[in-house]
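In what follows, every heavy atom counts, from backbone to side chain, and hydrogens, waters and symmetry copies are set aside. Computed from a predicted model, the values in this text were never measured in an experiment.
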Amino acid sequence: MGIPGGDYVFFLGMILLFGWLTAHYARRLAAVARALRAGGRAPGVCVRIESEPYNRSDARRYVFSFRTSEDGRTVEFEDLASGAVKVGSEVTVAYDPADPERTATVAGRGSWSPVAQYGLLVAGCGLAAVGFTAVLVLTAL
């Protein structure tokens, strides 16, 4: 026995989730593009890798640190990285000097293009939102 309207609730939840993820990654994509256009570059290092508590998942958060070339400020930020990145790995950081905390991204040799990474996330989440919307609309007919 199903819950009346349960299908609609599920699909609406999925549409909202993937819609929010699309908007989130689109904002990050815009920040990354701004950083790459601004031209600020600095050497950085992976300072820590955080994993899920109790190792329940293989999801990891990579935290990098760099020093701005304009005022020497140390900035930490989280970004996507490959499994080859370890604590202490040196990276090239691209950032907008006007707002390094919000625009910093790992760029350069040995990593995927940050625009491609976030572009794929935007496209994938957007397609999922559109797909769930289509299924919801078609089941309502």
Side-chain angles (χ1 to χ4, degrees), residues 2-141:
I3 299 172
D7 293 345
Y8 296 115
V9 172
F10 171 77
F11 286 116
L12 185 60
M14 291 294 104
I15 292 165
L16 291 173
L17 172 67
F18 283 105
W20 179 84
L21 286 171
T22 301
H24 173 75
Y25 288 124
R27 282 193 312 273
R28 181 65 182 148
L29 177 60
V32 164
R34 193 172 93 202
L36 293 172
R37 278 192 315 268
R41 301 260 186 204
V45 65
C46 179
V47 292
R48 68 182 175 277
I49 301 171
E50 300 170 355
S51 60
E52 286 290 317
Y54 312 112
N55 294 323
R56 293 181 301 180
S57 170
D58 63 351
R60 292 187 179 89
R61 295 173 42 190
Y62 293 87
V63 180
F64 300 91
S65 176
F66 71 100
R67 203 176 276 279
T68 61
S69 55
E70 292 74 31
D71 57 8
R73 222 171 0 136
T74 300
V75 175
E76 277 194 6
F77 68 98
E78 182 181 327
D79 204 3
L80 302 173
S82 70
V85 173
K86 307 288 183 224
V87 173
S89 295
E90 294 181 2
V91 296
T92 300
V93 177
Y95 65 97
D96 182 353
D99 192 8
E101 289 84 4
R102 297 186 66 193
T103 61
T105 188
V106 175
R109 296 163 82 114
S111 68
W112 273 56
S113 163
V115 172
Q117 289 176 343
Y118 287 104
L120 287 171
L121 284 169
V122 168
C125 291
L127 284 172
V130 168
F132 280 114
T133 302
V135 170
L136 179 65
V137 169
L138 292 174
T139 58
L141 295 176

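Scanning both residues, Thr22 and Cys125, for their nearest heavy atoms gives OG1-C, 3.1 Å. The shortest non-hydrogen separation linking Ala26 to Val122 is N-CG2, 3.4 Å. The heavy-atom pair separating Gly119 from Leu29 by the smallest distance is N-CD1, 4.0 Å. Taking every heavy atom of both residues into account, Ala38 and Pro97 meet most closely at CB-CD, 3.8 Å. For the residue pair Val45 and Val91, the shortest heavy atom distance occurs at N-CG2, 4.1 Å.
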TODO: Would you please test Asp99 and Arg34 for side-chain contact (heavy atoms from CB on, under 4.5 Å) and show each step?
DONE: CA-CA 10 Å; Asp99 192 8; Arg34 193 172 93 202; 3.4 Å; yes

- [ ] Kindly indicate, with the supporting measurements, whether the criterion side-chain contact (heavy atoms from CB on, under 4.5 Å) is fulfilled by Leu36 and Arg41.
- [x] CA-CA 9 Å; Leu36 293 172; Arg41 301 260 186 204; 4.1 Å; yes

Task: Residues Asp79, Val93; criterion side-chain contact (heavy atoms from CB on, under 4.5 Å); working and verdict - done: CA-CA 10 Å; Asp79 204 3; Val93 177; over 6 Å; no

Task: side-chain contact (heavy atoms from CB on, under 4.5 Å) assessment of Arg28 paired with Thr105 - done: CA-CA 10 Å; Arg28 181 65 182 148; Thr105 188; 3.7 Å; yes

TODO: Please report the C-alpha distance between Arg73 and Glu101 in whole Å, then the side-chain angles of each, then the deciding distance to 0.1 Å, and finally whether the salt bridge (Lys or Arg N to Asp or Glu O under 4.0 Å) criterion is met.
DONE: CA-CA 10 Å; Arg73 222 171 0 136; Glu101 289 84 4; 2.4 Å; yes

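Atom NZ in Lys86 sits 6.5 Å away from atom CD1 in Ile49 (nearest 0.5 Å). Taking CG of Asp7 as the reference point, atom CG of Leu12 lies at 12.5 Å (rounded to 0.5 Å).
Shown here are the side chain to side chain donor-acceptor pair (under 3.5 Å) partners of Thr103, two or more places apart in sequence or in another chain: there are none. With sequence neighbours left out, Glu76 forms a side chain to side chain donor-acceptor pair (under 3.5 Å) with Arg48.
Proximity of Leu136 to Tyr8: side-chain heavy atoms (C-beta onward) are separated by under 4.5 Å at one or more points. Annotation: side chain of Phe11 is not in contact with side chain of Val137 (no heavy-atom distance under 4.5 Å). Considering only heavy atoms from C-beta on, Phe64 comes within 4.5 Å of Val85 through its side chain.
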Distance-only criterion, 3.5 Å: show the donor-acceptor pairs between side-chain atoms of residues 13-21 and protein atoms not counting sequence neighbours.
none

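Here Phe66 and Tyr95 bring their ring centres to under 6.0 angstrom of each other.
A donor-acceptor pair under 3.5 Å is absent between the side-chain atoms of Arg60 and the main chain of Ser51, judged by distance alone.
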